[in-house]
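First the proteins, then the strands, lettered A, B, ... as listed; each starts at 1.
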Amino acid sequence: MMSSSLTNEGGDNRMGFQHKNHQQSHFGGREMQRNNYSSFYNRNNNSSQQRYSGDTRNQLWMGDIDPVWDEEAIMNIWKLVGFQPTNVKIMRDRNADKAYKGRSDYCFVSFPDPQAVLNAIQKNGTQIPDTQRVFKLNWTNQSNHQLGDPGMRNHNPNSQTGGGQFSKGGKPEFSLFVGDLGGDVTDELLYEAFEKAFPNQILQARVMYDPTTKQSKGFGFVKVTNQTIQSNAITEMSGFVINGRPIRVGLASGGANRGGPITSTSSTSTTSSKFNTIENDTIPILQQYQPPLNQFTDPNNTTLVVKGLSSKVSEDELSAYFIAFGDIVLCKLSYDLNTGYVKFLTREAAENAILHMHGITICGCRLVVTWGIINLTTDEIIQPPEYQKCPPPPGVAGKLGPINMCFHKLTKEELLQLDFFRDNEPLTVPQSNKLYIARQSKVHTILDEALL
Amino acid sequence: MNSFRPIDLVRLSNKNELNANIPHERLKLQINENPMAISGWDQLFRLIDDTVAQLYDKSNTDAINSQFKQFIHNTYSEFLARFPCAESYWQKWLVIEYKLHNDKSKSIAVLKNAVDLVPGSLALWNDYLDILIDDYENCATPTIVDQKLELLRSEFPRAVSAVGWHFNADTLWDKIIQFELKLQLQSQEALAYYKQVVRIPLYEYSRYYMHFTEFIKQFDLEKSFDLNIFAPHFSTYGVTSVEQLTNEEKKTIVDSHYESLFQETQKWVTAVWPFESQITRQFFIPTEIEVIAQETSKWIEYLDAIILLHKESPTPVSFDFVSSIFERSLIPNCYNENLWLKYIAFINKYEVDEKAKDIKLTSIFNRASTLFIPLEETELRSLYIKYLSSTGGFSLANEYCFEWIKNLDGSTFSRYLKKPYLAFVGYLIDLWENHMSSVDLCLITLIIIIDFFDKVDSYNKKQEIKLVDSSLKKNSKFDYGYVNTLSKVLNASSICIIVSKHLHLLLKSQGPESYKAIRSFYNKYHEEDALKGSTKFWKFMVEHEGIIKFNINNLRSIIKFIKTKTNLPKSSVDALTDLVYDIYTSNYDAVLAVGQIDDTVVRHWNDVDNSLSINTDAFLRFSENNYLVDDIVSSKRPPVRLSKEEELKRLYKLNIGNPGIMVDKSPNVVNSLIFDGKHISLVDIGDGNNTEKLVPPETPMFRNVEKANQAIEYPKYLNI
């Protein structure tokens, strides 16, 4: 049916289209059109290689794109999920809708390096931010076999090797996929765990991190020296406990090769299983939606936005309602007095406040409390174009005063005098008395200075 | 950021007239969102400059259409009404006005307006006089030349009295004196100005003294100088009148007189120099508010030192000098209420002439109150009310109060400024208190309260009001129309001020029997929504029952109501709980004597806790005040209707895992597992024989797994 060697470019292209035919059910009515195109494309086999310019390695095929999107839009989508593609090429189809400049519904996305490709393809099946669509991704024939970097399958059926073997510069490498890692497992921990079991056989261990949140994705790859170690590790290390969690070990590529190395594969089985691989098996973890980092998802955000004040709540009253949950760094109102901004010192306080205050009626106003952004440096509230990650809140040991306080109302001298005390440690009588008196005076200030 | 200025009471530009498709009008619309942000204004002025530069055609003033001209005019006048002390913007404006109309009179009008609004600005006076002099000198029409000279001569003294004492006023003095000398070499006017300037501690004070000594040589000293200068020296020279003195003698007398004045001036200059040299911001620059704020303390040190000097040897000259420093400091610090108050205190203390004092104080109060002091700050305005009432203007003070209350209550002004509004309601009541007995005011406040709360049953209400009214001894000095006016401007917040005042008056006026009236008041009104949010009301009740009457049963029911039913801030509830705890613990014997023991003391730390599972009273309170819960409860019918607490718990549950974002998609197991009596007995397994009888438990079935894995919908930022 096709040439046996996958280094043949014609064969590659063919393979690329075969998996698309596999997708017929997804495309429904457009099937014919696609077939037309594929035959057209096949005819222009050799010249078509120039159609998407630049380096065709490190590429991914991306399907089911909205015809409205242009190259830039797709580029932005990838940036949104934390990737920096070097190039996006939407394939033009002369039969397609003229309104979209002949854009068809798939494209090729180039990435700077194989590692990025590997990371990117894990987005397959996840939701594209701000849309109803999901990423539909696949290897391109080029990225499949011309690369030998971690995570890339070697499809050469003649190579007589199993899955999980990679070659770099002709030298085979053997990789393992390690899943179910705890969030605190680092490269070093992973390496140590494998190195203990297989001394001097581990070349590299790497945990995958989300580029936007900088948090572990819960899986990683381990490179070992040879195939025996590779297969032994799968059996021996599966269920091994790292930092209190049993890990899962498999071949890095999985796919048709799951369940043990297959010594020979017919070219047809490789190609036909290709789409399935991507759909189901390549990355054996549950694809969970990874939301973009914003004020709602940033675990360090301590700023709340309070809406619906309609100028009936003064700044002091707002802080009086919110201060009970923790020390407030800043509390202010927008110029139109409709919106309040409250920044807490600790995340705990902010979470408590948002839980309790959302939906409360104060002074006849129905509050809506959500996570927000506030610019501390200027007096004006500016909406930054992109969400800036919050620095982690400072570590707080104990309390700063007998009752919570609002820092922006203190003078510099008062701020410098603040000192932590631990409310869970025994105090001396004078300390305790001092604290009691301080609390009493604060209590009386609250009652005397109440606006109403 | 939230400083509203008096200008906000009068909106200069109408928002509706602006067209968002025109770039500069769109910018103006953005500025209207927050007119205190200077960056927006600067952007707009740059755009105006660029547009004008593009369109400008010297020969044709109509190259720029009149609509745009009007827009520029409105923009600048609104900006400068907001920041009147921003000198550089006045200067920008007059240049652009001249460019647009090619008409000097437009620029003159701008500057005249400027010096009227900010009389303390030296730069503006310099510009104003420059342009007037230029206008006079280039005037070719003989009929109006005289008018122009007259105008100049009338503006000179104004300039001198306004900024002549400015430490760097040499530019102004030079301008005036040179103008007079140009008209006439032996100018009497110039001599008069010289006489003034040598007494003023200017940076270039010695230059003027030198000029002066040269200049007077041309004059007949006898005619040009006051008799008072010569008279003390008659005995020295053995004469009885000025005529008998020789010219040489006259010159010696005048010289020595002015030399002593020079030494006096020198003393002042030495005293002020250390301060003057430290102050770098003499002008108000909107972008440098922080630098100005840092220098405020230097100004205050300066003023304190000079006031001390004035106190040691008060003279009219030193008084004028201190006043001028105040005026100058109030240009960069024009929004600083404390400095204005300091100025008022100085005038009040050191101005000897009562009439002049009244004029000066009224002018300062008006200027500060209507142009500068942010609306949120009310101390100076309250002082003005007291000043008015102490100088016999009770009705003026009332009107002033009402004017502010109406300006701030949100009906005329687009924003309701709660804090100053409440402050003025309080000032008004305080004002009344000083003018009538507490019994009368107590009745008046009661009428207002009945009028406010008992809206439904108007017949009964009228009866009740009539009853109270009849017991009121009418005071002829007090206009009872004010009561009606006040009733009309009250809202749910300000009524709390009245209630609090009423209760205190009850306590004060009715002595030991007051508790009956207070308790019946409580029974009648404590469930009113307005009072549920009033810390003052609840504090009064807790103190009344807990400290004055010491009725533990009442105190207990009050604090229970506070903790479970009110709408107070949690910090207030915690404070009141603390107060009750204090009352309990310091009177524990008495509490025990009542016989009933309760858990108030034991539960105290629970009652101030943040966790609602510990602080159960707070949980009740939150469920009582949560409108989401209310909406859910009222939308359901029994039997699915749950209690408010249950609904609130369900709401809280939606936040699990993602605080602040309610997700109604948590996966749950739908089949019952080994529970419900289907336990597998381990004993049976241990037997080893019965294993085949064992039925493995069902595998769990899930619901909402796919939903839970979907993207979370976040609330749209800023669009709720």
Taking atom CG of A:Leu452 and atom OG of B:Ser534, what is their separation to the nearest 0.5 Å?
6.0 Å
Can you list the steps and then say if B:Phe622 with A:Leu355 is a side chain to side chain contact (heavy atoms under 4.5 Å, CB included)?
CA-CA 11 Å; B:Phe622 279 115; A:Leu355 194 62; over 6 Å; no
Please give me the minimum heavy-atom distance between B:Pro569 and A:Ala320, naming the atom from each residue.
CB-O, 3.5 Å
Check the pair B:Leu417 / A:Ser311 against side chain to side chain contact (heavy atoms under 4.5 Å, CB included), numbers first and verdict last.
CA-CA 7 Å; B:Leu417 295 183; A:Ser311 75; over 6 Å; no
What option among B:Leu612, B:Asp529, B:Leu422 has the most heavy-atom pairs under 4.5 Å with chain A?
B:Leu612
Between the CD atom in A:Glu351 and the CG atom in B:Asn655, the distance rounded to the nearest 0.5 Å is 9.5 Å
Identify which part of A:Ile323 has an atom lying under 4.5 Å from any heavy atom of chain B, answering side chain, backbone, both or neither.
side chain
Once rounded to the nearest 0.5 Å, what's the spacing between atom CG of B:Leu648 and atom NE2 of A:His356?
9.0 Å
Any salt bridge between B:Lys536 and A:Asp448, counting N to O under 4.0 Å?
no
Rounded distance (nearest 0.5 Å) linking atom OG of A:Ser314 with atom OH of B:Tyr416
9.0 Å
Rounded to the nearest 0.5 Å, how far does CG of A:Leu451 lie from SG of B:Cys496?
9.5 Å
Checking A:Lys312 against chain B: side chain, backbone, both or neither under 4.5 Å from a heavy atom?
both
As a quick check of understanding, evaluate side chain to side chain contact (heavy atoms under 4.5 Å, CB included) for A:Val443 and B:Asp578, giving each step before the final call.
CA-CA 7 Å; A:Val443 159; B:Asp578 261 22; 3.3 Å; yes
Using heavy atoms and a sub-4.5 Å threshold, report which of residues 407-415 of chain A line up against chain B, by residue number.
none
Select one option (side chain, backbone, both, neither) describing which atoms of B:Ile495 are under 4.5 Å from chain A's heavy atoms.
neither
Checking heavy atoms, do the side chain of B:Ser500, its backbone, both or neither come under 4.5 Å from chain A?
neither
I'd like to know which of B:Trp538, B:Trp605, B:Phe619 tops the heavy-atom pair count under 4.5 Å against chain A.
B:Trp605
Given B:Leu628, B:Leu576, B:Val573, B:Asn625, the one with more heavy-atom pairs under 4.5 angstrom with chain A than any other is B:Asn625
When only pairs under 4.5 Å are counted, which of B:Asn491, B:Thr535, B:Ile497, B:Asp630 shares the most heavy-atom pairs with chain A?
B:Thr535
Above 12 or not: heavy atoms from other molecules or residues under 6.0 Å from CD of B:Gln30?
yes
Kindly say whether A:Thr361 contributes a backbone atom to a donor-acceptor pair with the side chain of B:Asn567 at under 3.5 angstrom?
yes
Residues pairing under salt bridge (Lys or Arg N to Asp or Glu O under 4.0 Å) where one sits in residues 416-427 of chain B, two or more places apart or in two chains, turn out to be A:Asp316-B:Lys419, A:Glu317-B:Lys418
What is the distance from atom NZ of B:Lys570 to atom CD1 of A:Ile360, rounded to the nearest 0.5 Å?
12.5 Å
Starting from the C-alpha separation in whole Å, work towards a yes-or-no answer on side chain to side chain contact (heavy atoms under 4.5 Å, CB included) for A:His444 and B:Leu579.
CA-CA 9 Å; A:His444 284 282; B:Leu579 190 63; 3.8 Å; yes
Examine whether an atom of A:Ile354 lies under 4.5 Å from a heavy atom of chain B, and if so say whether it belongs to the side chain, the backbone or both; otherwise answer neither.
side chain
Identify the two heavy atoms, one from A:Val368 and one from B:Tyr627, that lie closest to each other, and give their separation to 0.1 Å.
CG2-OH, 3.5 Å
Taking the side chain from A:Tyr321 and the backbone from B:Ser571, do they hold a donor-acceptor pair closer than 3.5 Å?
no
Counting only heavy atoms closer than 4.5 Å, note whether A:Leu367 contacts chain B via side chain, backbone, both or neither.
backbone
Student check: side-chain heavy atoms of A:Leu447 and B:Phe540 closer than 4.5 Å:
no
